[in-house]
> 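Okay, handing you the structure first.
Along the sequence shown, the residues carry numbers beginning at 1. Only a predicted model underlies this, so the values are computations on that prediction, with no experimental measurement involved. Indexing begins at 1, ligand by ligand and atom by atom, following the structure's order.
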Amino acid sequence: MDNQTADVDAVQQRFAQLGVNGSANLTSTTTTDHVSNPTPAAAPAQPARQRSAYVPPHLRNLPPSQQAQPAPAAPSFVGGPRGGPVAWGGSRDVQPAAAPRPDGGRAGGSWGGPSGGDQHAGGYQQRGPRGPPSHAKDPNDEFAHRPDVKGRDPRMEQQLYGAQHNSGINFEKYDDIPVEASGHDAPEPIVDFANSLLDELAKSNVKLAGYHHPTPVQKHSVAIVTSGRDLMACAQTGSGKTAAFLLPILSQNFKDGVPDRPPTGGQNYGRRPKVSPSSLVLAPTRELAMQIYEEARKFAYRSWVRPCVCYGGQPMVDQIRDLERGCELLVATPGRLVDLIERGRISLANVKYLVLDEADRMLDMGFEPQIRRIVEKEDMPVSQARQTLMFSATFPRNIQMLARDFLNDYIYLTVGRVGSTSENITQRVEYVEEDDKRSVLLDLLYSDSTNSGKANLTLVFVETKRNADMLCNFLQSNNFPATSIHGDRTQREREQALLSFRSARTPVLVATAVAARGLDIPNVGHVINFDLPSDIDDYVHRIGRTGRAGNTGKATAFFNLHRDKGVVKELLEILQEAHQEVPEWLDACRKEAEREMSFRGYGGARRGRGGSSRGGSGGSRFGGNVDFRKSEGGFGPRGGFDNKPQGGGYGGGYGGGGYGGGQASQSTSNSNNNWF
Ligand SMILES: Nc1ncnc2c1ncn2[C@@H]1O[C@H](COP(=O)(O)OP(=O)(O)OP(=O)(O)O)[C@@H](O)[C@H]1O
């Protein structure tokens, strides 16, 4: 038997063991054909089909006698953990035990963690006896004249900036995206980093990070924040929002100079002093918090600003120990931060810069009480005495209400249409019945692995934790190296799964919505919505895990009318908005769904939102690309609003259910526990 035949046999055996039943008509078509063109009428009521053994796409058009004959070599993923290929048919051991440590060997996986030695950009010189020696400053150093800037540390630079993934492809195309900044006296955007008002150390770190041009959101945000204004910014996924808030804040920190107070905040009535950061970033998920923290380390390099991160699922004692070594910029999830405040370990009295990243997600996850407590009921300075920034790719109206309470005379910045998807992502929607989903998924994974010449990672989203485990097991049992991430896995397991995925050891990650937001993983080439989410904003964030920073990516959604009719209208709008191909059957499904909903008396989209998730207009989701202050009383401090929480729905958009009574968080907090 020659090698090729052996490969094909191996592939055949793998698929033969699937226990996945392909339908009769599926076996005679290509991947695309069998899923994308059902007639709308036929789609909901598929005839009973005879089940047969799964036949991979490359063999489908051959007569049965040839189906076991030579075919393409077994697919492989290039770029395994040590740069070598990882064959699909390789080991089933998907544990990332010996994965490389891009962080230079910190404890606790790729995310490191406060307990894993001192990995802080600003902290390495403050280390105790076990740390490396301080790096003396070269007299020719460009910062030789600045006592607040430390010497260079090549090892640290390698750790922080070693693996740059910004390809720069299409990056300039961002300049075509329409930008709107509303609010009075919005400052002019910067043109480039070099000529901006950023502190010189910030500029130097930007260069080290490999950022040559600012993205549109960065151009505006740098100008707005350095001019001292509050900001609410909406920009597409992957468009550089993290640096858009970290850079100007750190730059302001550098300009402000080392504060004239002890790094740990001073008096605490005989107890250990409280940690008292000057910048606080709140993020919804642990993984996102870690990611922001890692970015902060890049931009804080050589400075006195020491970033720290705190999130649940990790021993509090380690985090406290790390905080006590000094913390000027704290990235935290709201729950853990409240715990630390309750234990008297953190004071917010010195906060000058407050950021809420993915604020809408935090509300959806039920964090509104914690956020309001942190911002309004502890010792944080009032909005006029701090700068507050809110960032997200989507901005439902309830978030605008939060902005009204937290922000002061802010600029509302939209880059592109709010909630739109990047045109760098090619989106496809395939009609797939529930029973066929696994089989179609295998087709897609198989064809990706044969077509792609580079290390492409695939992220598969499902709705429930249980389904994530089951699908992951299914893929593993078919020799597709996969791992999973969801809320029932321990933090360590979650971090290991991400590390394993990032390093392409397991190039398929099955995830619930816990991985939908903010995660920035290079080389995610394909996002598959195995289950479409019930909220279209989640769709936008999920597919935004690919096509980031000007790179291209693709997204495939499995749609069927039985399950997904609630999102069909908004999905269609998103496709049109991003100039994507809209299958005719999808439009027919929309009509069918609308007919059914009007028959049942639905007011609009699901979850009690009586209409669009933006603007509350009840119409198009893109009707709400507006600063709501425009329609409700103009700008200026507080925009002329009273500060009371809203009682009922907003403009008819939120009165129907989950968002009534100002309790947006509670209506969906359970879903966080059960689903993610
Ligand atoms: N000016 C820039 N030049 C080159 N790369 C950049 C620039 N700004 C950001 N990036 C890179 O782009 C990627 C995406 O950035 P980031 O994670 O901040 O996006 P985002 O807008 O926050 O996305 P999401 O909405 O999904 O959270 C990151 O890898 C980041 O390092």
Side-chain angles (χ1 to χ4, degrees), residues 102 160-175 177 189-194 196 198 202-203 205-222 233-249 281 283-285 287-299 331 355-362 389-395 413-416 418-422 424-425 459 502 511 513 515-524 527 537-553 555:
L160 293 176
Y161 312 111
Q164 301 299 345
H165 295 282
N166 309 313
S167 69
I169 311 163
N170 286 345
F171 216 78
E172 282 80 3
K173 259 178 85 180
Y174 274 130
D175 284 338
I177 297 175
I190 64 166
V191 177
D192 52 34
F193 291 123
S196 69
L198 286 174
K203 288 181 192 172
N205 289 344
V206 160
K207 235 190 265 171
L208 286 172
Y211 291 14
H212 304 296
H213 310 278
T215 63
V217 68
Q218 290 165 357
K219 287 181 182 175
H220 285 266
S221 175
V222 166
C234 321
Q236 288 172 335
T237 53
S239 61
K241 292 188 287 295
T242 315
F245 59 78
L246 284 177
L247 252 184
I249 286 179
V281 181
T285 63
E287 286 78 12
L288 185 54
M290 275 309 302
Q291 196 172 283
I292 295 168
Y293 160 74
E294 294 290 353
E295 286 294 293
R297 293 180 63 221
K298 286 185 191 168
F299 299 127
V331 186
V355 182
L356 285 90
D357 193 22
E358 305 284 4
D360 57 335
R361 183 84 187 119
M362 289 198 276
L389 321 174
M390 287 172 66
F391 278 76
S392 181
T394 51
F395 250 103
L413 178 71
T414 56
V415 182
V418 174
S420 66
T421 54
S422 164
N424 289 340
I425 306 168
L459 191 47
R502 268 177 199 275
R517 307 250 176 164
L519 285 190
D520 183 49
I521 299 176
N523 294 333
V524 174
V527 173
D537 284 351
D538 287 338
Y539 172 81
V540 173
H541 285 282
R542 286 180 182 188
I543 71 168
R545 297 317 99 208
T546 186
R548 297 174 70 74
N551 293 296
T552 54

> Under the rule for side chain to side chain contact (heavy atoms under 4.5 Å, CB included), what residues qualify as partners of Ala244, not counting sequence neighbours?
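Ala244 satisfies side chain to side chain contact (heavy atoms under 4.5 Å, CB included) with Val217, Gln218, Ser221, Phe391 once adjacent residues are dropped.
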> Under a 4.5 Å cut-off applied to non-hydrogen side-chain atoms, are Ile249 and Phe299 in contact?
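Answer no - side chains too far apart.
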> Taking the non-hydrogen atoms of His541, is any one of them nearer than 4.0 angstrom to ligand 1?
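In this structure, His541 fails to qualify as a contact of ligand 1 - no heavy atom is under 4.0 Å.
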> After noting the C-alpha distance and the side-chain angles of Asp360 and Glu358, does the key distance pass the side-chain contact (heavy atoms from CB on, under 4.5 Å) rule?
CA-CA 6 Å; Asp360 57 335; Glu358 305 284 4; 4.2 Å; yes
> Would one find an N or O of His212, backbone or side chain, under 3.5 Å from an N or O of ligand 1?
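Between His212 and ligand 1, no N or O pair is found under 3.5 Å apart.
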> Locate the shortest heavy-atom distance separating Glu294 from Arg297; write the atom from each residue and the value.
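Closest pair (atom of Glu294, atom of Arg297, distance): OE1-NH1, 2.9 Å.
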> Can you sort out which atoms of ligand 1 are near Thr242, meaning under 4.0 Å from one of its heavy atoms?
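Heavy-atom distances to Thr242 below 4.0 Å select 16 (P), 17 (O), 18 (O), 22 (O).
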> For His213, counting its heavy atoms only, list the atoms of ligand 1 lying under 4.0 Å from any of them.
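Numbered from 1, ligand 1 contributes 1 (N), 2 (C), 3 (N).
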> Work out which heavy atom in Ala209 is nearest to a heavy atom in Lys298; give both atom names and the distance.
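The answer is CB-CD, 4.5 Å.
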> Name the option, out of Gln291, Glu358, Lys241, that contains the heavy atom nearest to atom 25 (O) of ligand 1.
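Minimum heavy-atom distance to atom 25 (O) of ligand 1 goes to Lys241.
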> Do any N/O atoms on Ala235 end up under 3.5 angstrom from N/O atoms on ligand 1?
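No - when backbone and side-chain N and O of Ala235 are compared with those of ligand 1, no distance drops under 3.5 Å.
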> Grab the two heavy atoms, one from Leu459 and one from Ala511, that are nearest each other, plus how far apart they are.
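The answer is CD1-CB, 4.1 Å.
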> Which is closest to atom 9 (C) of ligand 1 in terms of heavy atoms, Tyr211, Phe245, Phe391?
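Going through Tyr211, Phe245, Phe391 one by one, Tyr211 has the nearest heavy atom to atom 9 (C) of ligand 1.
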